[in-house]
Amino acid sequence: MTTVLGCIADDFTGATDLAGLLARSGVPVSLRIGIPDAPPADPAPFEVIALKCRTAPAAQAVAECRAALEWLQRAGAQRFFWKYCSTFDSTPEGNIGPVAEALMADLGASQTIYCPAFPENGRAIFMGHLFVGRMLLAQSPMKDHPLTPMRDSNLMSLLQPQVTRPVGLADRLTVAKGADALRAELADLDKAGVAHVVVDAVSNDDLTVIAKACHHMPLMTGGSAVAMPLPMLYLADGTLAAGQGPASAPAVAPEAVILSGSCSVMTNAQVAAYLETGAPRLRLDPLDLATRGTGPVLHWLMQQDLAAAPLIYATADPASVRDAQEKLGRARAGEIVEQALAACATAARDAGARRIVVAGGETAGAVTQALDVTRLDIGQEIAPGVPWTFCNSQGHHLALALKSGNFGAETFFRDALERL
Ligand code: ADP
């Protein structure tokens, strides 16, 4: 198989989100954690490379993305997608613009589009302004983000300081006229030298129009949602050979473990709901882990019947988290918990667990690293943005569900186990 669309995502859960949306159409999608060391062997039609470059220095982000582009080109891709957050998380230094400009230069592309809209999740763009629900971006909680505070809602003015060439807008009035009108507008802007075009979208229909108008551009950029129509468009025009149906989910043994390191409001509710099922559970205390290590936790795990899908969780309310952070330091508390859950993952795998559900973006990063997983084949969605994935971990075939913070319904853990 050869790759038809190569995607580069600026963080891990963003990559899973994109991979899950692409896989909704039933086409095979693979997610690579970092740039693979080896040249592509058996690439999927849709390849997503997850980087961790959202807040890296711009030069480093550019270098990593160019290396990812080169790998994807070797996999056969001729079209590319640069995926960033639907709240356009970036600073005046980058990295959305610098990476887009570098990829355009490598691809010889004179123009690209910017469409972070994700209507299903309340992200809409109107007259170049990004909304979060009914609020402008700069009035949303994103204004206080610790790393990328978003204090302006105008995507053109956010983007212009990040790029060297002119920024423009294709607004909703054009998008409403359909794909041909949008294509003509983009061509006019291109003639006028506008290299970076923000495109309005408030609904999934708008995204379909945009994808139709732009799916032959060498590079598209945006949130995950504007990429969702691409597989069907490539199937329709023959870019993707028909019959490349979904890779059938491999059979995995039912033994399972659930590892929760997220402390989000939703994960707290999901843990509470799972506890009500009476499943075996162990709560991790960061202070206890700091003094006694992971020995007692792993000992407990070895006593469990993995067919009952035990839950190990550090998930706690904000007051308990603050308490642990005050005593251990924020970074150390996080790391101790992540390392303990990662150790549980490898121990559970060695004890026969083949289904591992993980809650928490950083936690998922630590777990996949410990399991030595570099490729995930995307299976069916459990909840929007959270698919089951299949991988090889030191010779064992595993199913992994990696859920970030607020994703999934309250019944997520049960849903995940039942869905497979
Ligand atoms: P989310 O996707 O919800 O942001 P993450 O896994 O990315 O979840 O981040 C949660 C962080 O909180 C991790 O670093 C985790 O180790 C840490 N953590 C989890 N439980 C606790 C706790 N009880 N006290 C302090 N830190 C915790």
Side-chain angles (χ1 to χ4, degrees), residues 9-18 20 33 50-55 85-87 89 121 141-142 144-148 224 257-275 281-294 296-297 311-346 356-371 373 382-387 389 400-410 412-413 416:
D10 69 353
D11 85 338
F12 179 69
T13 45
T16 354
D17 169 19
L18 172 63
I33 302 170
L51 298 178
K52 200 172 186 254
C53 63
R54 183 167 296 164
T55 53
C85 192
S86 62
T87 41
D89 301 15
N121 284 348
M142 280 306 297
D144 301 317
H145 190 280
L147 301 175
T148 50
S224 53
V257 68
I258 299 173
L259 305 170
S260 183
S262 159
C263 295
S264 70
V265 173
M266 183 45 89
T267 305
N268 270 284
Q270 289 161 341
V271 165
Y274 192 70
L275 293 179
R281 80 286 307 272
L282 181 69
R283 194 176 75 80
L284 299 186
D285 174 4
L287 296 173
D288 199 42
L289 286 171
T291 49
R292 298 206 295 158
T294 52
V297 178
L311 165 68
I312 301 178
Y313 64 106
T315 304
D317 58 47
S320 315
V321 173
R322 222 175 302 120
D323 185 51
Q325 289 178 338
E326 271 164 19
K327 293 190 174 116
L328 296 168
R330 176 191 292 263
R332 179 140 183 268
E335 201 170 307
I336 286 172
V337 169
E338 284 167 33
Q339 289 317 314
L341 290 170
C344 290
T346 52
I356 303 182
V357 182
V358 184
E362 292 299 322
T363 309
V367 166
T368 48
Q369 192 174 19
L371 290 173
V373 167
I382 303 159
V386 200
T389 68
L400 292 184
L402 307 169
K403 182 197 86 83
S404 80
N406 279 314
F407 281 30
E410 275 191 22
F412 178 81
F413 296 135

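Note that ligands are numbered from 1 as they come in the structure, with each ligand's atoms numbered from 1 the same way. Both backbone and side-chain heavy atoms feed into the values below; hydrogens, waters and symmetry mates do not.
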Name each N or O atom in ligand 1 that is under 3.5 Å from a protein N or O, and give the partner atom and the distance.
residue, atom, partner, partner atom, Å
ligand 1, 2 (O), Gly361, N, 2.8
ligand 1, 2 (O), Gly405, N, 2.8
ligand 1, 3 (O), Ser262, OG, 2.7
ligand 1, 6 (O), Glu362, N, 3.4
ligand 1, 6 (O), Thr363, N, 3.0
ligand 1, 6 (O), Thr363, OG1, 2.6
ligand 1, 7 (O), Gly361, N, 3.2
ligand 1, 7 (O), Glu362, N, 2.7
ligand 1, 14 (O), Glu338, OE2, 2.5
ligand 1, 16 (O), Gly334, O, 2.8
ligand 1, 20 (N), Ala314, O, 3.2
ligand 1, 23 (N), Ala314, O, 3.0

Can you name the closest pair of heavy atoms from [X] and [Y] and give their distance?
{"X": "Ala342", "Y": "Val367", "answer": "CA-CG2, 4.1 Å"}
{"X": "Arg281", "Y": "Leu275", "answer": "NH2-O, 2.8 Å"}
{"X": "Ser404", "Y": "Thr13", "answer": "CB-CG2, 3.2 Å"}

Under 3.5 Å, side-chain donor or acceptor atoms of residues 319-332 against the rest of the protein: list the pairs with distances, not counting sequence neighbours.
residue, atom, partner, partner atom, Å
Ser320, OG, Asp317, OD1, 2.8
Asp323, OD1, Lys327, NZ, 2.9
Asp323, OD2, Lys327, NZ, 3.2

Task: Euclidean distance, Asp17 CG relative to Ser224 OG, rounded to 0.5 Å - done: 3.5 Å
Task: From Ser260 atom OG to Phe413 atom CZ, the distance as rounded to the nearest 0.5 Å - done: 4.0 Å
